[in-house]
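Below: the structure, in C-alpha cells.
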Amino acid sequence: MHSGCIFCRIAAGEIPSKVVFRDEDVIAIEDVNPQAPVHVLVMPVAHHPDIVDLSHCADATMMAKLFTIASRLGHQRTSSAGFRMVVNTGPQGGQTVDHLHVHVLGGRPMKWPPG
Ligand code: AMP
Ligand code: ZN
C-alpha cells in the first residue's frame with residue numbers, strides 16, 4: 001500500500017469508487033472519466049508502478065490473472081461486439097496514474113491507429 005497512490009487508496013477503500021470486481025489480488029473499477037460506454041480499469045491490489053515492474057516478478061501469475069479478469073469483464077460487458085484492452089505505460093505511453101491498470105473499453109467502435 002502506497003499512501004500517495006490513488007489506486008492503492010481505492011483498493012484499500014479509503015477513496016470511493018464503483019467496484020465491478022474484487023478478489024484478494026485484483027480489483028476492477030469504473031473509470032471516473034469514461035472514454036467509451038464501457039470503461040473499466042482492472043488492476044492488482046498490490047502496488048506495481050507499471051507493467052514493466054510486474055514483468056520483473058518471477059511469478060507470472062498476477063500478469064495472467066489481470067488479463068484473464070480483464071478479458072472476462074470485457075466480454076461480459078460487450079458480448080460478441082468486441083472491446084479493447086489498453087495498458088498505457090510511461091510518459092510517452094500516456095500513463096497518468098503510476099499504479100498498473102488495464103483499461104477495458106467498449107460499447108462503441110474503436111478507431112485505429114489510436115491517438
Ligand atoms: P492512465 O492515463 O492510463 O494512467 O489512466 C488513468 C485513468 O484513471 C484515467 O482514465 C482516469 O480517468 C482514471 N482515474 C483517475 N482517478 C480515478 C478515480 N478516482 N476513480 C476512477 N478512475 C480514475
Ligand atoms: Zn498503488
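Note that ligands are numbered from 1 as they come in the structure, with each ligand's atoms numbered from 1 the same way. Residues: numbered from 1 along the sequence shown.
- Side-chain atoms of Val102 and Val86, non-hydrogen and from C-beta on, never get closer than 4.5 Å to each other.
- Scanning the protein heavy atoms around atom 7 (C) of ligand 1, the nearest turns out to be Asp31 OD2, 3.5 Å.
- Proximity of the aromatic rings of Phe83 and His75 is defined here by a centroid distance below 6.0 angstrom, and this criterion is not met.
- Around the Zn ion (ligand 2), protein N, O or S atoms at less than 2.8 Å comprise Cys5 SG, Cys8 SG, His47 ND1, His99 ND1.
- No donor-acceptor pair under 3.5 Å is formed between the side chain of Arg108 and the backbone N or O of Val38.
- Rounded to the nearest 0.5 angstrom, Asp53 CG and His47 NE2 are separated by 7.5 Å.
- Of all atoms in ligand 1, listed by their number and element, those nearer than 4.0 Å to a heavy atom of Asn33 are 12 (O).
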Trace of the side-chain contact (heavy atoms from CB on, under 4.5 Å) decision for Met63 with Ser55: CA-CA 8 Å; Met63 190 74 86; Ser55 78; 4.1 Å; yes
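- At least one heavy atom of Ile6 sits less than 4.0 Å from an atom of ligand 1.
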Please test Phe7 against Val45 for side-chain contact (heavy atoms from CB on, under 4.5 Å), starting from the C-alpha separation and ending with a verdict. CA-CA 8 Å; Phe7 287 172; Val45 171; over 6 Å; no
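- In terms of polar-atom proximity, defined here as any N/O pair under 3.5 Å, Val97 does make such a contact with ligand 1.
- Side-chain N/O atoms of His48 and His99 include no donor and acceptor closer than 3.5 Å.
- A heavy-atom distance below 4.5 Å is not found between the side chains of Gln95 and Pro49.
- In this structure, Glu30 is part of the shell of residues with a heavy atom less than 4.0 angstrom from ligand 1.
- Counting heavy atoms from C-beta on, the side chains of His101 and Leu66 never come closer than 4.5 Å.
- For atom 8 (O) of ligand 1, the closest non-hydrogen atom on the protein side is Phe7 CZ, 3.4 Å.
- Of the N or O atoms in Thr96, one or more lie within a sub-3.5 Å distance of an N or O in ligand 1.
- Ligand 1 has a nitrogen or oxygen under 3.5 angstrom from a nitrogen or oxygen of Asn88.
- Not a single heavy atom of Ser17 sits less than 4.0 Å from an atom of ligand 1.
- Residues Asp25 and Met62 form a side-chain contact, since some pair of their non-hydrogen atoms from C-beta on lies under 4.5 Å apart.
- Atoms of ligand 1 lying under 4.0 Å from at least one heavy atom of Ile10, given by number and element, are 18 (C), 19 (N), 20 (N).
- Not a single heavy atom of Lys18 lies less than 4.0 angstrom from ligand 1.
- Ile29 places none of its side-chain heavy atoms less than 4.5 Å from the side chain of Lys18.
- Side-chain contact check for Asp31 versus Leu41: some heavy-atom pair is nearer than 4.5 Å.
- By the 3.5 Å distance cut-off applied to N or O atoms, His39 is not counted among the residues near ligand 1.
- Considering both main-chain and side-chain atoms, Gly94 comes within under 3.5 Å of ligand 1 through a nitrogen or oxygen pair.
- The nearest heavy-atom contact from the protein to atom 1 (P) of ligand 1 is His101 NE2, 3.2 Å.
- Between Val32 and ligand 1, at least one pair of N/O atoms sits closer than 3.5 Å.
- Residues Asn33 and Gln35 form a side-chain contact, since some pair of their non-hydrogen atoms from C-beta on lies under 4.5 Å apart.
- Proximity of Phe21 to Val42: side-chain heavy atoms (C-beta onward) are nowhere separated by under 4.5 Å.
- Within ligand 1, counting atoms from 1 as listed, the ones closer than 4.0 Å to a heavy atom of Ile29 are 21 (C).
- Those atoms of ligand 1 with a heavy atom of Leu41 less than 4.0 angstrom away are 8 (O), 13 (C), 22 (N).
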